[in-house]
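Below is one structure, written out as structure tokens; the observations come after it.
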Amino acid sequence: MNRRHFIKTSALASGLLASRGWTNSSPHQNRMMGIQIQPHNMYDEGIEQSLDLLQRTANVNALFLLSHGYYVARGRAPEVLAPDHGWTVRDERKRSMPKVWIRHHESFYKDTTLRHYQNRPDEEYWDSDIFKELQKVRSERGVKLYARLYEPNQLVDDSGKPRGWIKNWESVLTEDLFGHAGSGPCWNNPDYRAWLRATMADMFTHYDLDGLQYGAERVGPLSEVLYRGFVPACFCQYCRKRNAEKGIDPVRAKTGYTRLYELIQNAEKKDYPPDGLMTTIMRTLFEYHEIMGWYYQWFAAEREILSMIYDTVKSINKDAEVGWHIDHQRSTWDRFYRAACSYQDMAQKADFIKPILYHEIMGPRMKGWVIAEWKTKLFSELTEEQIVQNFYAFNGYDPNRQPRYEQLSDQGFSPQYVYREMERVHKAIGEQAKIYAGIGLDIPWNNQPFPSDPGSIYEATMNAYKAGSDGIVISREYDECRVPNLKAVGRAARDWREMKG
Ligand SMILES: [Zn+2]
């Protein structure tokens with residue numbers, strides 16, 4: 001369906017549906033209320049039934065629908081999935097799902113050796129064509145369709161063996177300091193970039209979509225080594241060439257990163273240099289300025305990818321809204337990333353930015369993902385409580401309203417966190433791009449339920465609006481969101497509209 005025809009059809013549909021409260025013309029409906037959802041949820045619950053639930057509870061007007069399942073929450077226990085959607089939840093660990101929810105066309109992939117996964121007939125819904133199947137409800141209900149695509153990651157199993165989901169994937173992986181293959185693609189690899197470009201062109205040529213949400217949940221070599229003690233990457237031939245052309249010596253960069261790696265290895269054994277860990281890290285950065293240059297170029301390569309994606313989609317459908325998913329480490333705790341990649345830079349080629357602002361699960365994540373790593377590495381000279389208080393101070397969170405270290409496992413961050421982070425994005429980009437706050441509902445922890453509190457979800461949603469959000473994307477996954485929390489988001493949106501119009 002072309003765009004003009006769609007608008008005409010929508011206009012007709014909105015007249016028919018006005019009495020049911022789904023009209024396109026209400027201001028409430030115009031403000032983004034999206035939800036991240038996986039296609040199998042809609043087939044499980046029924047397309048009409050799931051949309052009824054979403055529109056009844058939160059007045060959802062946009063689906064951020066997974067186009068590819070190369071990187072997504074999977075293998076979850078039934079206890080963490082919402083029990084109140086009106087169907088009997090099944091154990092995802094015993095199910096086999098497709099990795100590709102759309103149809104691909106070979107002619108688009110002439111410039112790349114990579115090929116998408118071919119769904120197998122023994123996978124549930126393997127033959128579905130979700131964006132095509134949703135065109136009818138899209139026009140009837142005025143609900144928008146956004147493709148949600150994240151950079152493939154999870155392409156090796158727990159033993160490090162490639163899963164073979166994407167043909168030739170091994171050829172585009174990063175190369176670490178010691179010459180070993182990393183777990184993700186190199187952003188400077190021309191074959192990977194060509195595959196990404198082909199995927200976007202293929203998808204937007206064949207489907208009438210309202211937009212795209214793309215993101216890569218990755219960090220750079222400085223964070224890999226200092227926060228997590230990983231062997232840093234990438235030092236492949238394409239990265240060496242790129243950096244050499246920028247005047248950054250690859251040999252000195254490798255030597256500098258090796259020194260950092262050794263410092264962190266020793267810190268994990270509580271073996272500290274005479275001047276202490278932090279001072280010696282800083283000395284290494286002074287001596288090997290190539291470390292910082294290499295790190296900055298890594299994200300410059302990602303900005304080129306985002307720009308390429310933006311231009312590719314716009315060249316096919318100029319009305320499609322293209323925006324970036326900013327994952328939790330990037331939106332919140334990776335200070336190196338935040339320093340290297342400003343929201344202002346990101347917004348130069350974006351129609352919207354969607355930062356993850358999951359306040360409740362931030363408590364367990366801070367303790368289990370962040371402090372557990374930092375305490376034995378970069379910040380091993382501080383106590384856990386000192387790390388937490390420093391983190392609050394640097395990020396501008398009110399320590400009196402956030403949990404102390406020992407409370408992090410049980411308590412989420414307060415909704416003040418959502419306000420502060422949203423305010424930061426808004427001040428950085430102003431009206432340059434829209435901002436859709438990613439509000440997290442019922443996100444599990446370690447495959448155990450960590451249920452949201454509707455009052456806290458209401459306040460977080462209101463805070464997002466107060467700090468300048470143009471809309472909300474309910475996250476992380478629809479199938480985790482319990483009805484009272486969906487209703488809390490809907491109530492906040494309604495109250496905000498009544499206050500502000
Ligand atoms: Zn590389």
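Values below: every heavy atom of this structure, side chains too, minus hydrogens, waters and symmetry copies. We're numbering straight along the sequence, starting at 1. Atoms within a ligand are numbered from 1 in the order they appear, just like the ligands themselves.
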Checklist entry - When rounded to the nearest 0.5 angstrom, what is the spacing between CG in L173 and CG in L155? => result 8.0 Å
Please list every donor-acceptor pair under 3.5 Å in which a side-chain atom of residues 350-359 meets a protein atom from a residue at least two apart or in another chain.
from	atom 1	to	atom 2	distance (Å)
D351	OD1	Y310	OH	3.0
D351	OD2	K314	NZ	2.8
D351	OD2	V322	N	2.8
K354	NZ	Q36	OE1	2.5
K354	NZ	H325	ND1	2.7
H359	NE2	S456	OG	2.8

Checklist entry - Which pairs pass salt bridge (Lys or Arg N to Asp or Glu O under 4.0 Å) with one or both residues in residues 169-185, sequence neighbours excluded? => result E175-R240
Checklist entry - Taking the Zn ion (ligand 1) as the center, what protein N, O or S atoms are found at less than 2.8 Å? => result C186 SG, C234 SG, C236 SG, C239 SG
What donor-acceptor contacts under 3.5 angstrom involve side-chain atoms of residues 179-187, with partners at least two apart or in another chain?
from	atom 1	to	atom 2	distance (Å)
W187	NE1	E151	OE1	2.7

Next on the checklist: Between the side chains of R424 and E421, is the shortest nitrogen-to-carboxylate-oxygen separation below 4.0 Å, so that they form an ion pair?
Outcome noted: yes
Item to check | Salt bridge present between E423 and R420 (N-O < 4.0 angstrom) | outcome: yes
